[in-house]
Structure formats: C-alpha cells, structure tokens
Amino acid sequence: MLDFKRVLAAKPRKHDVAEKVKLSTPWGEQLDSDAVLKKHPTPQFARERWLNLNGYWDYAITKAAGTEDMVPSVFDGKILVPFSPEAPLSGVERSVQPDEILWYRRIVDVPKLNDGERLLLHFQAVDYRCTCFVDGQVVGSHTGGYLPFCFDITDAITEIKGAHVAPQEETASSCHIEVVLRVTDPSDTGTQLRGKQKLFPSDIWYTAQSGIWQTVWCEVVHAAHIVSLHADADPKREGIALYVESSAAGTLHAEAHDAEGTCVGMALAHTEMTGDAFAAEVFIQVKSPHLWSPDDPYLYTLQLVFADDESPLTAADRVGSYAAFRTCEVHADEKGVPRFYLNDEPFLLKGVLDQGYWPDGLMTAPADEALVFDIRSAKKLGFNMMRKHIKVESERWYYHCDRLGMLVWQDMVSGGGTYGKWYTSQLPTLFKDLWTRLSDEGPSHYAHFAAEDPVYRSEWRNACEGTIRALRNHPCIVTWVLFNEAWGQFDARAMTDFARSLDETRPIDSTSGWYDQRVGDYFSVHNYFRELEVYPDPLREKTADGDRPARAFATTEFGGLTWHIPGHSSCEVAYGYDSFENPRKWFEALTEQLATMEVLEESGLAGYVYTQLTDIEEETNGLLTYDRRINKMYEACQG
C-alpha cells in the first residue's frame, strides 16, 4: 500500500537556490596543493615513466562570442587542478555558464625524448567538450564528461632531442611546453550525458561543474608500445586470458605473480595485424587459483613486456597490472528461486547508494585517502556492495574496491532532455502496475523519457561502450546498470543486448527503478513509499515454457531516511523521504528497514541498495554527514 504521508514529505519544494554552508572534509582541510592526488591514476595499466600534472594552472572564463579559438592574452588567476572551478578546493568557486568558455594554461617541464619515443598527454575526465593546444598547435579534441582520453603530443613539441630523464624530475634534460585547454559545457541546458548536475540545484540534483575534474598526466612510451589490455581471469579454465593491442608487430611476454610475489605462470605471444590493429591473445595458466571475494580480496599482479620486431632483444614497453579470479552470475537456486551467485555460491547483495560527491571537491575526492575512507566506512556499516550512482568514478576508487573487497554495481551516466516529473516520478509513484507496462521504444515513448534527441541516444550508446571497456578489468564490478528511473531511457531491450555483447561475464540491471522491459538479469525496483516486499517478476509470469532465464529480484533503492545535523549539512533546507529530528527514532527506523531486507532473502530477495552513504547538499539522508566528520549510525547509538 502506498504511504501517502511519505509521498507528500518527499515532494520537491519550490524555493530559491539554497545558499550553501561552507563545509570542508578532513582531507580538504589539510590539502597540500603540491601533492594533490599524485598517486598513479591507473594502477591496472601502469608504466614507470609518467609525470603528474595536477596542481596550479592558469585559468580564464570568457564569453563564447566569436572568440572561440583565441587564447586569452590575460588569465583570471590560478585554479587547482583537478578540481572544477565550481568546487571550493579549486580556489575559484565560479560557475561556468553554457555561453562561456573555460580556458586552462600551464607551462610544463617534460622530458626530452630519445629517438623512437612518444609523449602521451592523458586527461582522466573533462566536462564536457574540449580542445587541447600544445605550443600553439591543436593536438586533439574530445567530447564527453566522464571517460578518460589521451593525445599523442610528440609532433607538437618543438624540442624533442636529448637524453630522457627519470619520472617527475625537473632537470636540464627536460624541455618546456605550453599546454592550453579550451572547454565548453552546456550543463543541463543540453541533452548530453550529465548525471546529477544542475545549474540550479535542489532536492536530488546537485551543483553543476565544468572542466577538468580528474587527474591530468603524461607518460613517455616507445613508438612500439602496448595500447590496451583486457584481462579475463577464469576460475573454470584456471587461467588468465589477456587480450592485448599494440601499436606495432612484436612479441609479448606476460607473467602472473601471486600475492607473495612468486611467479605462478607465464606466456608468450606475437601481436599481428587483426582488422585495423595489432593484437594478440595470451593465456597464462594458473593452477588452483585463489578466488577473490569481499572477505578475501586476493589479487594477482601482472607484468607485461613488449618487444617490437625491429628490436626483438630489447624491451620497448613494460606495463604493470593485476587481475582476480571470481565469477558472478544470476540463476535459480535448488528451489528454483533466482539469486545472485558469487563464486558459485548464493550471495545476498547488501548495497548502499554511493554518488561520490564532496562539499569541497564536488565530484572530485579531496584525496586518495578520502576514497578509501568511504569504502571502508561502507564495509564497517555492514555493506558488501556499493552502487556507483550515475557517475564514472576515478579509476583509483575501483582499484581500492578491488584491493579492499567491495562489490560494485556500476551505473551508466544519464542524459537526455529535461526530465518530466509526470513520467519519471509522479506516475510510477502513484501507479505501481505501470512499472512493467510502459514501453520505451519508438519516438512517442522516447519523448516520455526525454530521449528524443538522436544525438543523445548515439552518445549514450558510445559512452556505454566506453564505460564497459574502461572498467571491465576491475573484479569488484559485478553488475552493469543501464538506465535509472527512466532518465533518458530508450530501447532497453536493444541496449541490454548491446551491453551483453561487450561483456558476457557480468549480470545487467537494465532498468533500475521502474518501466521494466522484461529484459536483463534483475527485476529491479525502487521502493520508498510502499511496504518492503518481494514482487513477482513479470517476465517469469509471462513465460510458461521456461525458455527464458529467471531474473533475480532486487530493491535497488529504498530508505532515504533523513536526519539533518546542523553544522555538518551544506544547506539549511533538508530533503529526504522521511524526516527525523530525534537520532534514536532515526536509528530505529533505519535498523528496522535493514532488518526487513535481511528477512526478505528467504522470500527471494537477491539484493538491496540503501539510499544512501552520505548526505549531499540538500539531501540529508546519508549514513555519514556530507563532510564525512560524523557517522550518523555511531552518533545515534551513542546518543
């Protein structure tokens, strides 16, 4: 039965944009600008010769009016990269408007290159559309706010001779280059992928940000080098299949080492032209592999050495990585109840929603240790899974989940036009039966879910592929989530098939919330306003002959219980689904809901996701305060 009291309490209220209270996290308060986020950004694909470019850059914000390609002669000041200009830690705290251009400039000391060496400039994420100049030359452009990209800037460097230097040293054997980045961002005035960002934030929508918001770095590679790596550790085959692409033909030597550093397997292969790239598959036999799990996150390190055919006795490239053996799938148990299985054992997913926002860094964590804090806090609170919500996180976050043993459900980033409240919120709240009866195929249905723009649909598909390819090596990820609450939803059946073609090893949650299209591995619902229970799968009801696999039932959002703590909340206006002023009452309601979920496992519940790990701006329904200084569950117990 629908709880109208909770529905009314959760109704968004019209008000002026809430003025933010200045909050800082412990890490932001102690931030060292010279050492900000200096650890290697990609532990799964690491080389020794790299240079971190985080730190102070020049910045300027100009009007986009016929001056798009004119670098400003005078800049406005300094910005601390990788924090966006809207974030307090950037030192700017200025919103970039859709009709403005954000400029970055930095003089960088890079190593001079030996013959046959190349210099790659990496951006982990820039929101949204950017063009990069090196010494006045355009070296590349990129569109999209959440995925990594890089440019080979070798040909644009005016001084490339001399001996190479050790990473991150500034010596006479380095040369100076000017890097300029031009960025524009339509934010929520466009249809591009934007997640939870909004120029006028309120309730469940948060402060928009622009520009560089993850690490910038460069690395030296040989012209003949490894381009990409896909590692598939299969316990049943007792080995690790490595799919490697290289920039030239050559020989690949790969080794796997156990946690003690002992080599447990090796293999050789030759990369040859396959299609339009040089590629090879290597299989490293690992007998009786040690399985990875949340209780035992066992990782095998990988060492890859590549030698090109022109110099077969000399290593042209060395890459370090890691892999883990585990399986994840959905199938029926011995009683015919569909469940999530980890390593061939039924496993109740105890999840918490994690949106990855910070009061001082917005979407950028103030420190690597801050990422670790959130993961460890979730584990200490009894959760074994975090749903990374409508965001692709810094790759180091996934690395920490890998090594600490935290399962991850990874959302695709949402986009599309302006979301209509009737179809995305009000209608599914009032009428549960419509959760399984409204199509998302064809122009008229696209319009219901703000997915009319074909450019958006193409971008979503490309970003879905990019997200899976960028993150599929991480053992922590055990489910891909395609659409959330109909935000930009379209053709879920076709998009599920598409995602499955990219990764057959993980289950897929096609539509989290409502408007299920009888596809995917879960019947996935959000339940904030009704009694918590297990609903029958409409796909199972419609399939009498049993020719389709059963789907597991998961409550992928619930709770949202609000406790506003003055001095630790960024807004005086609080939003949630049920408000409590008494900490004890809040704690009792919370523990009752979590206990109900545990009991529902017997009725077929495969997993749940509590909303949410932390407060965020107006939302004060977190288990931790927004500044991460108070664990509300511990505080309520002590009170």
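Below, each value reflects all heavy atoms present in this structure, side chains not excepted, and no hydrogens, waters or symmetry copies. The structure displayed is predicted, hence computed values, not measured ones.
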Should the pair R506 and W409 be classed as cation-pi, given the thresholds of under 6.0 Å to the six-membered ring centre and 45° from the axis? no

Regarding D185 and S187, do their side chains bring together a donor and an acceptor under 3.5 Å, going by distance alone? no

Heavy-atom nearest pair, V81 first then V216, reads CG1-CG2, 4.0 Å

Checking D58 against Y104: is there a side-chain donor and acceptor pair closer than 3.5 Å? no

Salt bridge R194-D188, side-chain N to carboxylate O under 4.0 Å: no

Judged by atom type as modelled, is there a donor-acceptor pair below 3.5 Å linking the side chain of S377 to the main-chain atoms of F373? yes

Without placing hydrogens or testing angles, list every side-chain donor-acceptor pair under 3.5 Å for residues 25-33, not counting sequence neighbours.
residue: T25; atom: OG1; partner: G28; partner atom: N; Å: 3.0
residue: T25; atom: OG1; partner: D360; partner atom: OD2; Å: 2.7
residue: D32; atom: OD1; partner: D34; partner atom: N; Å: 3.0

Between T614 (side chain only) and G622 (backbone N and O only), is there a donor and an acceptor less than 3.5 Å apart? no

Less than 4.0 Å between a side-chain N and a carboxylate O, is that true for K39 and D368? yes

Can you tell me if S579 and H564 form a side-chain donor-acceptor pair at under 3.5 Å? no

Heavy-atom closest pair (L590 atom, L623 atom, distance to 0.1 Å) is CD2-CD2, 3.7 Å

Using the test salt bridge (Lys or Arg N to Asp or Glu O under 4.0 Å), find all partners of D354 that sit at least two apart in sequence or belong to another chain. K388

Does a donor on one side chain and an acceptor on the other come within less than 3.5 Å for E619 and Y626? no

Any idea how H389 and W487 line up, ring-wise: parallel (<30°), tilted (30 to 60°), or perpendicular (>60°)? tilted

Please determine if E617 and K196 form a salt bridge, counting it only when a charged side-chain N lies under 4.0 Å from a carboxylate O. no

Do W217 and H40 have ring centres separated by under 6.0 Å? yes

Looking only at non-hydrogen atoms, find the nearest pair between R403 and P297 and report the distance. O-CG, 3.3 Å

Using a distance-only test with no angle check, is there a side-chain donor-acceptor pair under 3.5 angstrom linking S524 and D509? yes

Answer yes if the ring centres of F558 and Y610 are under 6.0 angstrom apart, and no otherwise. yes

Is there a donor-acceptor pair under 3.5 Å between the side chain of K379 and the backbone N or O of P294? yes

Looking at residues at least two apart in the chain, or sitting in another chain, which of them share a side-chain contact (heavy atoms from CB on, under 4.5 Å) with N462? S458

Holding to side chain to side chain donor-acceptor pair (under 3.5 Å), I want the full list of residues that pass it with D127, two or more places apart in sequence or in another chain. Q197

Please evaluate residues S512 and R387 with respect to the criterion side-chain hydrogen bond (donor to acceptor under 3.5 Å, both in side chains), reporting the C-alpha separation (whole Å), side-chain torsions for both, the decisive distance (0.1 Å), and the verdict. CA-CA 11 Å; S512 179; R387 179 183 169 196; 3.2 Å; yes

Just by distance, do the side chain of N384 and the backbone of L348 share a donor-acceptor pair under 3.5 Å? yes

Main-chain N/O of C476 paired with H474 side-chain donor or acceptor, under 3.5 Å: no

Quick one: sort the F347 and F340 rings into parallel, tilted or perpendicular, breaks at 30° and 60°. perpendicular

Partners meeting salt bridge (Lys or Arg N to Asp or Glu O under 4.0 Å) with E219 (sequence neighbours left out): R47

Counting N and O atoms only, with roles assigned by atom type, does the side chain of K38 sit under 3.5 Å from a partner on the main chain of N54, one being a donor and the other an acceptor? yes

Residue pair D232, Y243: steps toward the side-chain hydrogen bond (donor to acceptor under 3.5 Å, both in side chains) verdict: CA-CA 8 Å; D232 181 11; Y243 305 89; 4.7 Å; no

Aromatic contact, Y300 with W292 (centres under 6.0 Å): no

Parallel, tilted or perpendicular: which describes the rings of W213 and Y146, with under 30° parallel and over 60° perpendicular? perpendicular

Test side-chain contact (heavy atoms from CB on, under 4.5 Å) applied to A254 - qualifying residues, sequence neighbours left out: L242, V282, I284, L304

For a quick check under 3.5 Å, do E86 and S210 share a side-chain donor-acceptor pair by atom type? yes

Please confirm whether the backbone N or O of G145 pairs with a side-chain atom of Q192, one donor and one acceptor, at under 3.5 Å? no

